[in-house]
Amino acid sequence: MSRMAALMGLDFHGEIPDPESVEQVLEEMWKYNQTYQLSQGSAEQKVPVWYIMDEFGSQVQHSDSPSCGLAPFFCVPEQVTYSVLWPLEDLDQDDEVTRDYAYGETNPLIRKCRLLPWKPADLDDVSSETTEPSDEYYLAIAQENKEQLPVEIESFTVPHDRVLKVYSELSQVSNNLTHPRFKLTDDQDEADVIWAYNHIKDFRTLSELRPHVLLNQFPCESLLTVKDCLSAVSRRVKSDWLPLTFNLQTELPQFIRCFQTRAQRGEDNHWICKPWNLARGLDTHISNNLNCLIRQRESTPKVQDIITEYDLKYIGKITVQRERAGQRYGTM
């Protein structure tokens, strides 16, 4: 606590931190936090890591024309992460070491938004209204998914007396499918039903060679199963069921403007920040700290929903369950 307070220039004396001092550090740390993410391993292992550099690294100031670059470097043999600093220009003795806190950002408005934790700015000329992305946005997703769309086939009804052979890559299915109308098989080519774990790409070949095979996936399902697409297409239905949602990759200025407006009105500003394509609460954050929410954009692509009354009840339920689990296993 003493080291963090000194690093952040906060007034703290003593050995036992009080709750106010701890809260102040947790608020200020989003001006100092850095992040990296491993590209290999399980979903849990690839969750972004947030860290604070030592006193020297944390004092390297921002500049739009930086003298140095700085990046994390993960050394696999040692299983240790270093911060690597290198000059971008010739430096003389006593020249200041600076870096760009929004390195690589060329859009002036997005750059202004990303630097907001360190350089306060008004976004009065920005609207908080959001529109559905252009067709190019969805085309880019389709190209990235590399799905081959199926050909048109005639409708087919499974006879009631037929036993369907099921091929599954999921133990939840293979260990629990006991209905007499289904029979498990290890041969995918003979299966009437394919319950795949991995993303099916080639719907075309399946539709041409095996038009009546039943799948647990459908073409372009990411429009519903990935959070950024779901929120975008859901806006087509003007309804109260969809919480106020922003895509941090494409709607950061609109989100900040909305946050600032709600703050001016004295409205609650707790938001749930979720990765686009992860589940089980991985890399999910809840905060009313604008700096924290802005900087989540630097890790994995995320969407943010305003906290609703339903969310509060759900969060409370999860908290109780975790506390009970901690009491049961002696950890919290």
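As the structure is a computational prediction, the values presented were derived from the model and not from experiment.
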Novice: Where the side chain of Arg99 meets the backbone of Leu70, is there a donor-acceptor pair that is under 3.5 Å apart?
Specialist: no
Novice: Please list, one pair per line, the donor and acceptor atoms closer than 3.5 Å that link side chains of residues 3-11 to other protein atoms, with sequence neighbours excluded.
Specialist:
from	atom 1	to	atom 2	distance (Å)
Arg3	NE	Glu55	OE1	3.4
Arg3	NE	Glu55	OE2	2.7
Arg3	NH2	Glu55	OE1	3.0
Asp11	OD1	His13	NE2	2.8

Novice: Do you know which two heavy atoms are closest between Ser58 and Ile52, and how far apart they sit?
Specialist: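 Where Ser58 meets Ile52 most closely, the heavy atoms are OG-CG2, 3.7 Å.
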Novice: Within the distance-only criterion (no hydrogens, no angle test), does the side chain of Glu28 pair as donor or acceptor with the backbone N or O of Leu26 below 3.5 angstrom?
Specialist: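 It does not hold such a pair.
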Novice: Less than 4.0 angstrom from a charged side-chain N to a carboxylate O is my criterion; do Asp124 and Arg257 meet it?
Specialist: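 So Asp124 pairs with Arg257 through a salt bridge.
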Novice: Once the angle between the rings of Phe255 and Trp271 is folded into 0 to 90°, is it parallel (under 30°), tilted (30 to 60°) or perpendicular (over 60°)?
Specialist: perpendicular
Novice: Ignoring hydrogens and angles, tell me if any N or O in the side chain of Ser128 forms a donor-acceptor pair with the backbone of Gln254 under 3.5 Å.
Specialist: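 Answer holds: no.
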Novice: Look at Arg111 together with Asp100 and state whether they make a salt bridge at an N to O cut-off of under 4.0 Å.
Specialist: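 So Arg111 pairs with Asp100 through a salt bridge.
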Novice: May I have the step-by-step check of side-chain contact (heavy atoms from CB on, under 4.5 Å) for Ser83 and Tyr51, ending in yes or no?
Specialist: CA-CA 11 Å; Ser83 292; Tyr51 66 97; 4.2 Å; yes
Novice: Search all heavy atoms of Ala191 against all heavy atoms of Val213 and return the closest pair with its distance.
Specialist: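 Shortest heavy-atom separation between Ala191 and Val213 comes out as O-CG2, 3.7 Å.
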Novice: Answer yes or no: is there a donor N or O on one side and an acceptor on the other, between the side chain of Lys201 and the main chain of Asn145, under 3.5 Å?
Specialist: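 Between the backbone of Asn145 and the side chain of Lys201 there is a qualifying donor-acceptor contact (under 3.5 Å).
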Novice: Using side chain to side chain contact (heavy atoms under 4.5 Å, CB included) as the criterion, point out the one residue from Leu206, Thr205, Ile200 that pairs with Asp202.
Specialist: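 Only match with Asp202 under side chain to side chain contact (heavy atoms under 4.5 Å, CB included): Thr205.
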Novice: Would Ser234 and Ser231 count as a side-chain contact (heavy atoms from CB on, under 4.5 Å) here? Give the steps.
Specialist: CA-CA 5 Å; Ser234 296; Ser231 63; 5.7 Å; no
Novice: So which heavy atom on Lys227 is nearest to which on Val303, and how close?
Specialist: CB-CG2, 3.9 Å
Novice: Any chance the side chains of Glu136 and Ser134 put a donor and an acceptor closer than 3.5 Å?
Specialist: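 Note: Glu136 and Ser134 side chains meet the donor-acceptor criterion.
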Novice: Determine whether a donor-acceptor pair (N or O, by modelled atom type, separation under 3.5 Å) exists between the side chain of Arg181 and the backbone of Leu164.
Specialist: no
Novice: What is the minimum heavy-atom distance between Leu91 and Cys68, and which atoms define it?
Specialist: CD1-SG, 3.9 Å
Novice: Establish, from distance only, whether the side-chain atoms of Thr300 and Lys302 form a donor-acceptor pair under 3.5 Å.
Specialist: yes
Novice: Report yes if the side chains of Phe246 and Cys258 come closer than 4.5 Å at any heavy-atom pair, otherwise no.
Specialist: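 A side-chain contact under 4.5 Å exists here.
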Novice: Within the distance-only criterion (no hydrogens, no angle test), does the side chain of Gln59 pair as donor or acceptor with the backbone N or O of Phe56 below 3.5 angstrom?
Specialist: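 Looks like no, no N/O pair under 3.5 Å.
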Novice: Considering all heavy atoms of both residues, which atom of Ser65 and which atom of Thr98 are nearest to each other, and what is their separation?
Specialist: O-OG1, 4.2 Å
Novice: Using a 3.5 Å distance criterion without hydrogens, assess whether the side chain of Ser21 forms a donor-acceptor pair with backbone atoms of Pro17.
Specialist: no
Novice: Check for a donor-acceptor pair, side chain of Gln34 on one end and backbone N or O of Tyr32 on the other, with a separation under 3.5 Å.
Specialist: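 Yes, the answer is positive, given that a donor and an acceptor are paired below the 3.5 Å cut-off.
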Novice: Cys113 and Leu123: side-chain contact (heavy atoms from CB on, under 4.5 Å), yes or no, with the steps?
Specialist: CA-CA 9 Å; Cys113 292; Leu123 295 179; 4.0 Å; yes
Novice: Heavy-atom distance under 4.5 Å between the side chains of Leu223 and Tyr138, does that happen here?
Specialist: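 Yes, side chains in contact.
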Novice: For side-chain contact (heavy atoms from CB on, under 4.5 Å), just list the numbers for Asp122 and Gln260, CA-CA rounded to whole Å, side-chain angles, deciding distance to a tenth of an Å, and then say yes or no.
Specialist: CA-CA 9 Å; Asp122 290 325; Gln260 292 176 336; 5.8 Å; no
Novice: Between Arg297 and Gln249, what is the shortest heavy-atom contact and its length?
Specialist: NH2-O, 3.2 Å
Novice: Any salt bridge linking Asp187 with Lys165? Criterion: basic side-chain nitrogen under 4.0 Å from a carboxylate oxygen.
Specialist: no
Novice: Of Arg204, His199, Gln217, which is the lone residue that meets side chain to side chain donor-acceptor pair (under 3.5 Å) with Glu147?
Specialist: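 Of the listed options, the one satisfying the test is His199.
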Novice: Within the distance-only criterion (no hydrogens, no angle test), does the side chain of Asp92 pair as donor or acceptor with the backbone N or O of Asp95 below 3.5 angstrom?
Specialist: no
Novice: Has Asn269 got a side-chain atom pairing as donor or acceptor with Phe259's backbone, closer than 3.5 angstrom?
Specialist: yes
Novice: Does Asn176 have more than 12 heavy atoms from other residues, nucleotides or ligands lying within 6.0 Å of its CG?
Specialist: yes
Novice: Please indicate whether Asp186 has more than 12 foreign heavy atoms, meaning atoms of other residues, nucleotides or ligands, lying under 6.0 Å from its CG.
Specialist: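 Counting neighbours around CG of Asp186, 12 or fewer heavy atoms of other residues, nucleotides or ligands fall under 6.0 Å, so no.
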Novice: Would you say CD of Glu129 has more than 12 non-hydrogen atoms from neighbouring residues, nucleotides or ligands within 6.0 angstrom?
Specialist: no
Novice: What is the distance from atom CD1 of Ile141 to atom OG of Ser222, rounded to the nearest 0.5 Å?
Specialist: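 Between atom CD1 of Ile141 and atom OG of Ser222 there are 6.0 Å.
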